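These notes are about the structure you will find just below.
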Amino acid sequence: QVQLVESGGGLVQTGDSLRLACAASGLTFSSYSMGWFRQAPGKEREFVAAISPYGASTYYADSVKGRFTISRVNAKNTVYLQMNSLKPEDTAVYYCAETLRYYGLESSYDSWGQGTQVTVSS
């Protein structure tokens, strides 16, 4: 049974940084691409970033490119999202997910974490 547990969210001010972590269990972590998504109040869930199984390739939404960095440590079964220069529009619940398929389709992801709240005040 796959389990993904996010942590690291919180309340910060505009321009601050946060690092989210997602600890995975119940899967061969290094076989999976991992993704971060977010859902703001009243909006649909959207793609944020993804990373290939060994971290050779990373992908970002245009809205976070240059500010967010996704990384992973396979020995720890953990994927991270370093978020810098945070803006109020980054406020959302952030979710991690795993996929053996194409990283760019939300429907490709199979297991999801419970999410962690990130709130950026202006």
Side-chain angles (χ1 to χ4, degrees):
Q1 179 181 350
V2 176
Q3 187 173 16
L4 303 174
V5 180
E6 301 94 338
S7 61
L11 172 63
V12 297
Q13 296 185 334
T14 298
D16 285 350
S17 298
L18 275 178
R19 189 176 79 154
L20 306 183
C22 171
S25 60
L27 75 172
T28 304
F29 186 69
S30 59
S31 296
Y32 290 77
S33 294
M34 299 296 297
W36 284 98
F37 293 78
R38 67 186 182 186
Q39 187 167 21
K43 295 187 177 181
E44 292 187 353
R45 188 162 56 191
E46 64 175 358
F47 170 80
V48 174
I51 187 167
S52 58
Y54 284 93
S57 298
T58 56
Y59 317 92
Y60 297 94
D62 288 342
S63 58
V64 306
K65 205 171 292 183
R67 300 188 298 122
F68 290 11
T69 303
I70 189 171
S71 62
R72 64 191 296 161
V73 178
N74 285 350
K76 295 185 177 181
N77 282 13
T78 302
V79 60
Y80 302 96
L81 186 68
Q82 177 67 43
M83 305 186 296
N84 298 330
S85 301
L86 283 162
K87 305 175 182 180
E89 50 263 44
D90 295 318
T91 295
V93 178
Y94 284 72
Y95 301 89
C96 68
E98 52 83 3
T99 183
L100 288 171
R101 297 173 285 173
Y102 176 55
Y103 72 92
L105 284 176
E106 184 175 333
S107 59
S108 296
Y109 290 82
D110 295 310
S111 299
W112 296 77
Q114 83 289 347
T116 186
Q117 176 71 47
V118 172
T119 303
V120 185
S121 65
S122 57

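All values reported here derive from a predicted model rather than from experimental measurement. This chain uses plain numbering: 1 for the first residue, then up along the sequence.
When all heavy atoms are compared, the tightest approach of Gly8 to Thr116 is N-OG1, 4.2 Å. Across Ala24 and Leu4, no two heavy atoms sit closer than the pair CB-CD2, 3.4 Å.
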Practice item. Please step through side chain to side chain contact (heavy atoms under 4.5 Å, CB included) for the pair Asp110 and Val2, ending with a clear verdict. Key: CA-CA 9 Å; Asp110 295 310; Val2 176; over 6 Å; no
Practice item. Given side chain to side chain contact (heavy atoms under 4.5 Å, CB included), test Val120 with Asp16 step by step and report yes or no. Key: CA-CA 8 Å; Val120 185; Asp16 285 350; over 6 Å; no
Point to revise | Verdict with supporting geometry, Leu20 and Met83, side chain to side chain contact (heavy atoms under 4.5 Å, CB included) | key: CA-CA 8 Å; Leu20 306 183; Met83 305 186 296; 3.7 Å; yes
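Listed for the Thr14 side chain is a donor-acceptor partner under 3.5 Å among the backbone atoms of Ser121. Between the side chain of Arg72 and the backbone N or O of Pro53, at least one donor-acceptor pair lies under 3.5 Å. Using modelled atom types, one side-chain atom of Arg101 and one backbone atom of Ser108 make a donor-acceptor pair closer than 3.5 Å.
Around CD of Gln39, the count of heavy atoms belonging to other residues, nucleotides or ligands within 6.0 Å exceeds 12. Around NZ of Lys65, the count of heavy atoms belonging to other residues, nucleotides or ligands within 6.0 Å exceeds 12.
Considering CD of Gln114 and CD of Gln3, their distance stands at 8.5 Å, rounded to 0.5 Å. Note: Ile70 CD1 to Ser52 OG = 9.5 Å, rounded to the nearest 0.5 Å. Here the CG atom belonging to Asn84 is positioned 6.5 Å from the OG1 atom belonging to Thr69, to the nearest 0.5 angstrom. Here Glu6 contributes atom CD and Cys22 contributes atom SG; the two are 5.0 Å apart, rounded to the nearest 0.5 Å. Atoms CG and CE, on Leu81 and Met34 in that order, are 11.5 Å from each other to the nearest 0.5 Å. Atom OG of Ser122 and atom CD of Gln13 lie 9.5 Å apart (nearest 0.5 Å).
Listed by chain and number, the residues in a side chain to side chain donor-acceptor pair (under 3.5 Å) with Asp90 are Arg38, Arg67 (sequence neighbours excluded).
Hydrophobic clustering (ILVMFWY, side-chain heavy atoms < 4.5 Å, transitive): Leu11 and Leu86 are in distinct clusters.
Counting only residues at least two apart or on different chains, the ring pair (Phe, Tyr, Trp, His ring centres under 6.0 Å) pairs with a member in residues 55-100 are Tyr59-Tyr103. Listed by first then second residue, pairs satisfying ring pair (Phe, Tyr, Trp, His ring centres under 6.0 Å) with a partner in residues 3-47 read Phe37-Phe47, Phe37-Tyr109, Phe37-Trp112, not counting sequence neighbours.
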